[in-house]
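Worksheet: one structure, shown below.
Side chains included, hydrogens not; waters and symmetry mates left out as well; all remaining heavy atoms used. Just so we're on the same page: letters track the sequence lines, and every chain starts at 1.
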Amino acid sequence: MTTPAAYRVSHLDALEAESVFVMREVVAEMERPVLLFSGGKDSIVMLRLAQKAFAPANIPFPVMHVDTGHNFPEVLEYRDQRVAELGLQLVVASVPEALASGLVRESGDGMRNRIQTPVLLDAVEKHRFDALFGGARRDEEKARAKERVFSFRDEFGQWDPKNQRPELWSLYNGRHHPGESIRVFPLSNWTELDVWHYIARERIPLPSIYYAHEREVIERDGMFYAVNEFFRPRAGEERFKAQVRYRTVGDASCTAAVRSDADTVEKVIEEVAATRITERGATRGDDRVSEAAMEDRKREGYF
Amino acid sequence: MTTEIVAPPAEARPMDLLRFATAGSVDDGKSTLIGRLLYDTKSLFTDQLAAVEAVSAARGDEYTNLALLTDGLRAEREQGITIDVAYRYFATPRRKFIIADTPGHIQYTRNMVTGASTADLALILVDARKGLVEQSRRHAFLCSLLRVPHLVLCVNKMDLVDWSQEVYERIADEFTAFAAKLDVPDLTVVPISALRGDNIVARSENMPWYEGPSLLHHLERVHIASDRNLVDVRFPVQYVIRPQSTTVTDYRGYAGQVASGVLKPGDEVMVLPSGFTSRIAAVETADGPVAEAFPPMSVTVRLADEIDISRGDLICRPNNAPAVAQDIEAMVCWMDETTPLRVGGRYAIKHTTRSARAIVRGLHYRLDINSLHRDESADELRLNEIGRVRLRTTVPLLADEYRRNRTTGGFVIIDETTNRTVGAAMIVEAA
Ligand SMILES: Nc1nc2c(ncn2[C@@H]2O[C@H](COP(=O)(O)OP(=O)(O)OP(=O)(O)O)[C@@H](O)[C@H]2O)c(=O)[nH]1
Ligand SMILES: [Mg+2]
């Protein structure tokens, strides 16, 4: 006889089991799910979980990339390679195309964070997606800390944080009227460190920019921005070379790198375990707009 | 360009996971306590703390309001209360914790229920100056109804009552007497000051008369392994995996998460509601077959015989099966402000992986939270009210009593017009 003490699962296995459960619920109950795939580490982990959830069958839904046009080339390359390997259908919701067609207009500050939202919503409507998997985690940000695993969106894609559906046990309510949709966050309960431990355990390859490399950067508001075609230094900002890596991957015009020598997954884990700044705090110009920047964007339909 | 990982994986150290929720009346200090716990365990990031300090300073608070760490919504900060659950995460070398900081305000009870439904442990806060109020009793009752296995009563704001042992003991006694009327398997009581950090991670010097452990000490050590039900095999089928592929042919696997019990290849099993029996041929995961599956593993079960099985069916053992029942007696917590639950009402329900429709056949009584008196003349349940209800379902549920099984014993009630989740139900009897 085995003692009950033997029937233990590590916290990483418990998180994996929960995420797999969530993904299967969506596929079983929703009509047209899609997975938001940015080429960032969270969406990469989500894709691995999707593989696991349906093996030995293929992933039974397409992936969508909301392409701001400000991409890191390494990330785009990774996206295409992954999609080809897994035989996935890729839907690209393109901000440059939406700019050309007049669906959206460039915002004054040149940041494309806010104008991504109408482009995303337009693609959702066009493809009639009713469930969108997002890689957001509750530990990332204080508005995300409040969100349900199944997060209801009205026909305008809006989130109403004061009026969320109760969500008991693991009984997720995905019911909705035509035009409405559900955002689903299988990684809700994962932390940044959990994600890295999982990447290590599963030996998941990542775009190289997640590991330390030398890059030409400038320093702004204490963050290190790579100089590239989307990011121009202002007068007086000095360019220099530094060892950096990215903790998050977003729009190349507002995602900053951190100084780092962590060029392997083990070193990244050590670094993340010791860091005293949140990943978004260290790397995202877009969150610094105001105290409630994320909540406001989410209300409008952002992830 | 991608970086292949060649080095051997840095295995995450296996740690167990404790999920806990806060509970108690508005302003009794729940969010402050969570802020303090995160702060004192050095789980906060400097930018999070700086942001909270800046907001506090701008509002003219005398001290940094640690409650702002979880009260992250604009409306919460404007009103100074928690509206919806915030989930926070921290770890000590002993355990990893998932915290659900829930609202105390009665209007948001459904959000408290959301946070407590998955908790292994609940911290019930009481303001030492006020003692138990109706909302403390309501939350304690809900925790017992939801069968949160471990309760901790935190008598908070001890700094405002001169660290008085007498005040503490009066509240502890009153709560213990109330809890005795409920079904509370494990109760611990700790005097604390969330604001000042007394008895949170370290024993307080202000209360030498208290001889128990600090709150964190208790959270790190409370024994949760035996809370799981490893006896009754319950495997609700979530999804049937049938690859349409030329390389994998004739594969049919039943995917799901083990609700309780242990499944092994070779085990004789029964499938409900059909009642057909078979043997487990294999228990698989994407990483290969496993020798055993137990909660909370997500696996794929393959059977020796071809049986027609679909989502919503349940795999169990022939000699230990749940009820296959359409007449359900349940305690219901009503969560809709627009329409009350009434006899004759029709709803959609979701129970494990099975969806059904149900009609309310009877309301036996509504509970008065303060006295636990049963009002048998009640003819409806309004927002936040709790009562015992009889339902008839369109298809049988494969159900256990909630006290025996939190997964096969609970279901949610959904309004078919608004699609909102309007009720939480815990099965008392299924026939
Ligand atoms: N003196 C003193 N004040 C406290 C203590 N704990 C909390 N407070 C204060 O009590 C007030 C309410 O605290 P919160 O933490 O927001 O209360 P809450 O229980 O989270 O309230 P809701 O979430 O809205 O139900 C704040 O002003 C806190 O600073 C304590 O131990 N001592
Ligand atoms: Mg609070």
Dump the intermediate steps for side chain to side chain contact (heavy atoms under 4.5 Å, CB included) on Lys96(B) and Asp194(A), then the final yes or no. CA-CA 11 Å; Lys96(B) 175 164 165 122; Asp194(A) 294 330; 2.6 Å; yes
Please identify, among Pro166(A), Ser188(A), Ala55(A), the residue contributing the most non-hydrogen atom pairs under 4.5 Å to chain B. Pro166(A)
Main-chain N/O of Arg165(A) paired to Thr421(B) side chain as donor or acceptor, under 3.5 Å: no
Test Thr300(B) against Arg24(A) for side chain to side chain contact (heavy atoms under 4.5 Å, CB included), laying out the working first. CA-CA 11 Å; Thr300(B) 302; Arg24(A) 288 171 173 169; 3.5 Å; yes
Carboxylate-amine/guanidinium contact Lys162(A) Asp84(B), below 4.0 Å: no
Determine yes or no for a side-chain-to-main-chain donor-acceptor pair under 3.5 angstrom, with Gln48(B) supplying the side chain and Thr278(A) the backbone. no
Once you round to the nearest 0.5 Å, how far does CE of Met297(B) lie from OH of Tyr7(A)? 11.0 Å
Worked verdict on Leu168(A) versus Val113(B) for side chain to side chain contact (heavy atoms under 4.5 Å, CB included): CA-CA 7 Å; Leu168(A) 280 95; Val113(B) 169; 3.3 Å; yes
Asp80(A) versus chain B, heavy atoms under 4.5 Å apart: side chain, backbone, both or neither? neither
Would a distance-only check, ignoring hydrogens and angles, find a side-chain to backbone donor-acceptor pair under 3.5 Å from Lys146(A) to Leu73(B)? no
Side chain to side chain contact (heavy atoms under 4.5 Å, CB included) evaluation trace for Asn419(B) with His177(A): CA-CA 8 Å; Asn419(B) 287 330; His177(A) 295 297; 3.6 Å; yes
Please rank Asp13(A), Asn189(A), Val75(A), Asp139(A) by heavy-atom pairs under 4.5 Å with chain B and give me the top one. Asn189(A)
Donor-acceptor check, side chain of Arg175(A) to backbone of Ala348(B), threshold 3.5 angstrom: yes or no? no
Closest non-hydrogen contact found for Phe294(B) with Val9(A) is CE1-CG1, 3.8 Å
Check whether any side-chain N or O of Asp47(B) sits under 3.5 Å from a backbone N or O of Ile277(A) as a donor-acceptor pair, and report yes or no. no
With rounding to the nearest 0.5 Å, note down the distance linking OH in Tyr87(B) to CZ in Arg148(A). 6.0 Å
Looking at Glu31(A), I'd like to know if its CD atom is crowded, meaning that more than 12 non-hydrogen atoms belonging to other residues, nucleotides or ligands lie closer than 6.0 Å. no
On a heavy-atom basis, the closest approach of Gln164(A) and Arg420(B) is O-NH2, 3.7 Å
Which atoms of Thr247(B) come close to chain A, meaning under 4.5 Å heavy atom to heavy atom: side chain ones, backbone ones, both, or neither? neither
So does Glu25(A) pair up with Lys350(B), basic N to acidic O under 4.0 Å? yes
For the candidates Pro56(A), Ala143(A), Gly174(A), which exhibits the highest count of non-hydrogen atom pairs separated by less than 4.5 Å from chain B? Pro56(A)
